[in-house]
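The structure appears below as structure tokens.
Note that ligands are numbered from 1 as they come in the structure, with each ligand's atoms numbered from 1 the same way. Throughout, residue positions are numbered sequentially from 1 according to the sequence presented. Both backbone and side-chain heavy atoms feed into the values below; hydrogens, waters and symmetry mates do not.
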Amino acid sequence: MNIIYCDSLIIGGGIAGLRAAMAAADKGNSTIVLSLCPVRRSHSAAAQGGMQASLANPIMGKGDNEDVHFADTVKGSDWGCDQKVARMYCQVAPKAVRELASFGVPWTRITKGERTVVINAQKTKIVERDETHGLINSRNFGGTKKWRTCFSADVTGHVILYGVANECAKRHVDVRDRKEAIALIHKNNRCYGAIVRDLIDGSISAYVARGTLIATGGYGRIYKHTTNAVNCEGTGAAIALETGVAQLGNMEAVQFHPTPIVPSGILLTEGCRGDGGILRDVDGYRFMPDYEPEKKELASRDVVSRRIMEHIRNGKGVKSPYGEHVWLDISILGREHIEKNLRDVQDICKTFNGIDPADEGPKGWAPVLPMQHYSMGGIRVKPTGESQKLSGLFSCGEAACWDLHGFNRLGGNSCGETAVSGMIVGNYFADYCKSHELDIETELIKKFVEKEEKYIDEILAKDGKYNVYEIKNKMKEIMWEHVAIFRTGEGLQKAVDELEKLLNECKNIKVENKEKFGNPELEDAYRTPKMIKIALCVAYGALLRKESRGAHYREDFPKRDDANWLKRTLAEWHEGDTLPTIIYEDLDIMQMEMPPAFRGYGAKGNTIENPKSEIRQKEVDEIREKMQSENKSRYEIQDALMHYELQPEYKKPNQRVGVGDE
Ligand SMILES: Cc1cc2nc3c(=O)[nH]c(=O)nc-3n(C[C@H](O)[C@H](O)[C@H](O)COP(=O)(O)OP(=O)(O)OC[C@H]3O[C@@H](n4cnc5c(N)ncnc54)[C@H](O)[C@@H]3O)c2cc1C
């Protein structure tokens with residue numbers, strides 16, 4: 001039996017996992033990172049648009065700070081997020097951008113003087129201040145009040161991922177790819193590492209650690225249409241779920257992005273609309289201002305996705321061999337802008353669709369349609385990133401439900417979360433690994449290894465009647481048909497029943513390729529039941545949640561229900577069950593810095609109010625007024641409204657040009 005020991009085991013080598021690995025190594029922990037693919041190929045590399053941080057450098061970001069970023073994030077989440085976590089994040093994001101600059105990330109910079117930008121389809125001149133010349137620039141993104149999304153042309157995720165990967169190499173972090181975690185080792189509600197299958201030689205080993213951190217990204221591939229890379233299958237969340245101890249949070253909270261290109265599903269970044277691109281229908285008409293007069297194309301993603309589908313339902317979609325779609329027009333930004341700031345988008349349009357989006361008029365319009373994009377749900381953790389129930393198990397990045405995003409995450413807040421949670425959670429994790437001994441018997445480790453070896457042998461030996469690819473494709477179809485943008489009780493019930501059936505069919509499969517090594521069919525055979533369990537958590541959570549909040553839209557319950565549903569869904573899976581056990585965690589309005597209200601976009605008057613919202617709002621207003629009259633700083637006022645814990649080096653104020661660290 002092969003046992004590998006280390007202090008800190010990190011499963012997943014995207015931005016979140018690698019940044020957390022740096023934190024673990026910096027505190028002297030021996031650190032191993034596992035990944036399905038070479039880490040620089042992780043899905044983080046695909047992020048084009050950028051990362052939100054309130055630097056307030058560009059003129060359109062002047063006046064920005066943590067408070068404004070916090071308000072945008074909470075509204076975006078439709079009040080589903082943990083506001084303390086949102087505060088932690090907004091406070092550290094500017095430090096993360098600056099830290100990444102020190103790793104060599106080539107952020108796009110400001111040039112002083114006049115420049116032309118497109119705002120609301122109009123060419124407009126803005127003048128950048130002399131004192132900001134050479135500082136980090138930001139673009140309009142995510143429907144935020146101020147321009148705060150820092151970017152590196154349209155390859156932001158790529159350059160951040162390379163930056164943190166290089167830093168891991170400097171710290172001699174032991175990065176091992178083509179290694180898949182297939183189960184967690186645990187005893188008495190404590191996690192001691194993972195059982196890992198080598199994807200090349202098929203061997204199974206135990207990686208035993210003082211602490212284990214899962215940063216395996218999202219679960220988008222349970223859907224037929226998604227912008228996610230092929231390895232975003234949610235197996236990291238599934239192995240946590242299969243412990244029967246760790247819980248998943250808000251799995252039904254799935255984001256659909258308005259502008260993936262049809263039919264490949266490759267994303268055309270929200271930077272296209274942020275920089276001034278517009279949506280057009282079959283008649284070439286710009287329809288978003290009719291639905292969303294204030295934010296137009298830049299309302300939150302859940303809202304824009306629904307409006308596009310609504311417009312198509314109203315008969316205004318463009319017919320194509322791949323179904324109906326609408327157009328994204330960025331030609332109005334001008335060729336020069338596109339070739340400088342959106343060159344990856346241009347490349348995608350040319351390579352996959354044979355169109356040049358810089359060409360003026362309909363020739364340059366790109367066919368787009370909303371598709372699955374981001375997983376707000378994930379492994380439920382405390383603000384420190386540790387599982388609420390399985391001690392020693394941490395999670396960060398898209399794999400986690402930390403919960404920064406609630407029911408809709410803002411564009412640019414995810415790249416940000418990966419880096420920021422890698423810093424904050426990575427440090428709490430490093431401290432845990434330093435202070436906890438490894439008290440686990442070899443006999444028990446052996447049992448976990450043998451269980452997985454037996455499971456793989458059984459799969460290879462089975463002579464059942466089902467093909468695993470057929471099962472997997474059916475799951476994706478069901479999720480797309482019944483658990484996507486518009487949901488109904490009837491459709492969701494159907495999805496749950498059919499998924500349960502598919503889970504049972506997994507016990508009766510036949511794998512044609514009998515090799516133990518280098519066998520993709522075998523990989524699909526053991527991953528698919530894990531994916532169906534994740535799909536069931538999404539579908540069942542969505543069925544039980546009888547309201548509409550953020551990206552979770554129930555046609556039979558179209559209102560956000562703050563009176564009954566201001567709570568987070570928690571899913572557990574008990575061995576032998578065919579459905580998750582669902583319980584709820586209440587969100588306490590009286591502890592919120594920003595009590596529930598209107599988001600500022602989407603349908604008005606669409607909320608079932610909770611009487612506590614008004615009471616708390618009054619309380620907040622009174623505290624704020626009183627403290628302002630006493631000349632208290634915004635930090636003191638914030639602390640009085642909702643205290644949050646954060647490592648002291650991260651809680652320090654952020655400096656901004658022209659205002660210092662007020
Ligand atoms: C096309 C696209 C564009 C985006 N653009 C933006 C943007 O502009 N701004 C923004 O804020 N957000 C953006 N996002 C979202 C953001 O990029 C992701 O949420 C984020 O990069 C996820 O990073 P991560 O480190 O959590 O996971 P990932 O980068 O997905 O990394 C997951 C890692 O886990 C490994 N792994 C998975 N399962 C296992 C297992 N069982 N065992 C071992 N290893 C495993 C993988 O090999 C990989 O190394 C975009 C997302 C997409 C899909």
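- We find that R306 and D302 are joined by a salt bridge, their nearest charged nitrogen and carboxylate oxygen being less than 4.0 Å apart.
- For C415, a nitrogen or oxygen atom sits less than 3.5 Å from a nitrogen or oxygen atom of ligand 1, counting backbone and side chain alike.
- Residue contact check: G412 has heavy atoms under 4.0 Å from atoms 9 (N), 10 (C), 11 (O) of ligand 1.
- Atom 39 (C) of ligand 1 has as its closest protein heavy atom T216 CG2, 3.5 Å.
- Residue-ligand proximity: E180 is placed with a non-hydrogen atom under 4.0 Å from ligand 1.
- In this structure, the side-chain contact (heavy atoms from CB on, under 4.5 Å) partners of A47, at least two apart in sequence or on a different chain, are C415.
- Residue L34 places a heavy atom less than 4.0 Å from ligand 1.
- Between E180 and R527 there is a salt bridge, since a side-chain N of the basic residue sits under 4.0 Å from a carboxylate O of the acidic one.
- In terms of modelled atom types and a separation under 3.5 Å, the side chain of N250 and the main chain of A253 share no donor-acceptor contact.
- No N or O atom of I11 sits closer than 3.5 Å to an N or O atom of ligand 1.
- Heavy-atom contacts of C37 reach the following atoms of ligand 1: 47 (O) (cutoff under 4.0 Å).
- The N/O atoms of T227, backbone and side chain alike, include none that comes under 3.5 Å of an N/O atom in ligand 1.
- Looking only at protein heavy atoms, the nearest one to atom 46 (C) of ligand 1 is S35 OG, 3.9 Å.
- Neither the backbone nor the side chain of I266 has any atom closer than 4.0 Å to an atom of ligand 1 (non-hydrogen atoms only).
- Other residues, nucleotides and ligands contribute at most 12 non-hydrogen atoms within 6.0 Å of the OH atom of Y322.
- Contacts of L267 with ligand 1, taken as heavy-atom pairs under 4.0 Å, involve the side chain alone.
- Of all protein heavy atoms, the one closest to atom 4 (C) of ligand 1 is A47 CA, 3.4 Å.
- R178 places no side-chain N or O within 3.5 Å of a backbone atom of I200 that could act as its donor or acceptor partner.
- Within the 3.5 Å criterion, the main-chain N or O of G377 finds no donor-acceptor partner in the side chain of S375.
- Ring orientation note: the planes of F256 and W480 are tilted relative to one another, at an angle of 30° to 60°.
- Between M51 and ligand 1, no pair of N/O atoms sits closer than 3.5 Å.
- Ranked by closest heavy atom to atom 52 (C) of ligand 1, the top entry among H373, K530, R19 is H373.
- Inclusion of F141 in the set of residues having an N or O under 3.5 Å from an N or O of ligand 1 is not warranted.
- A donor-acceptor pair is defined here as one N or O able to donate and one able to accept, closer than 3.5 Å; no such pair exists between the side chain of N228 and the backbone of Q372.
- Side-chain N or O atoms of W147 include none that pairs as donor or acceptor with a backbone N or O of F141 at under 3.5 Å.
- Considering backbone and side-chain N/O atoms, E398 comes within less than 3.5 Å of an N/O atom of ligand 1.
- Nearest non-hydrogen protein atom to atom 42 (N) of ligand 1 is A181 N, 3.0 Å.
- Ion pairing of K530 with E242 is present here, as a side-chain N (NZ or NE/NH1/NH2) and a carboxylate O approach within less than 4.0 Å.
- In terms of polar-atom proximity, T235 is counted as a contact of ligand 1, with an N or O under 3.5 Å from an N or O of the ligand.
- Using a 4.0 Å cut-off between a side-chain N of Lys or Arg and a carboxylate O of Asp or Glu, R41 and D177 do not qualify as a salt bridge.
- Protein heavy atom in closest approach to atom 8 (O) of ligand 1: G49 N, 2.7 Å.
- Between the side chain of T108 and the backbone N or O of A153 there is at least one donor-acceptor pair closer than 3.5 Å.
- Around atom 15 (C) of ligand 1, the closest heavy atom drawn from R409, K179, Q48, R197 belongs to R409.
- The shortest N or O to N or O distance between G411 and ligand 1 is not under 3.5 Å.
- At least one heavy atom of A46 sits less than 4.0 Å from an atom of ligand 1.
- With a 4.0 Å heavy-atom cut-off, ligand 1 is reached by no atom of A229.
- An N or O contact shorter than 3.5 Å links S42 to ligand 1 by distance.
- The nearest heavy-atom contact from the protein to atom 20 (C) of ligand 1 is T418 CG2, 3.6 Å.
- The shell of residues lying under 4.0 angstrom from ligand 1, judged by heavy atoms, excludes T156.
- Checked by distance only, ligand 1 and Y374 stay at 3.5 Å or farther apart across all their nitrogen or oxygen atoms.
- Counting protein heavy atoms only, atom 9 (N) of ligand 1 is closest to G50 O, 2.8 Å.
- The salt bridge (charged side-chain N to carboxylate O under 4.0 Å, His left out) with D72 is formed by just one residue from the set R148, R409, K145; it is R148.
- The protein heavy-atom contact nearest to atom 35 (C) of ligand 1 is G12 CA, 3.6 Å.
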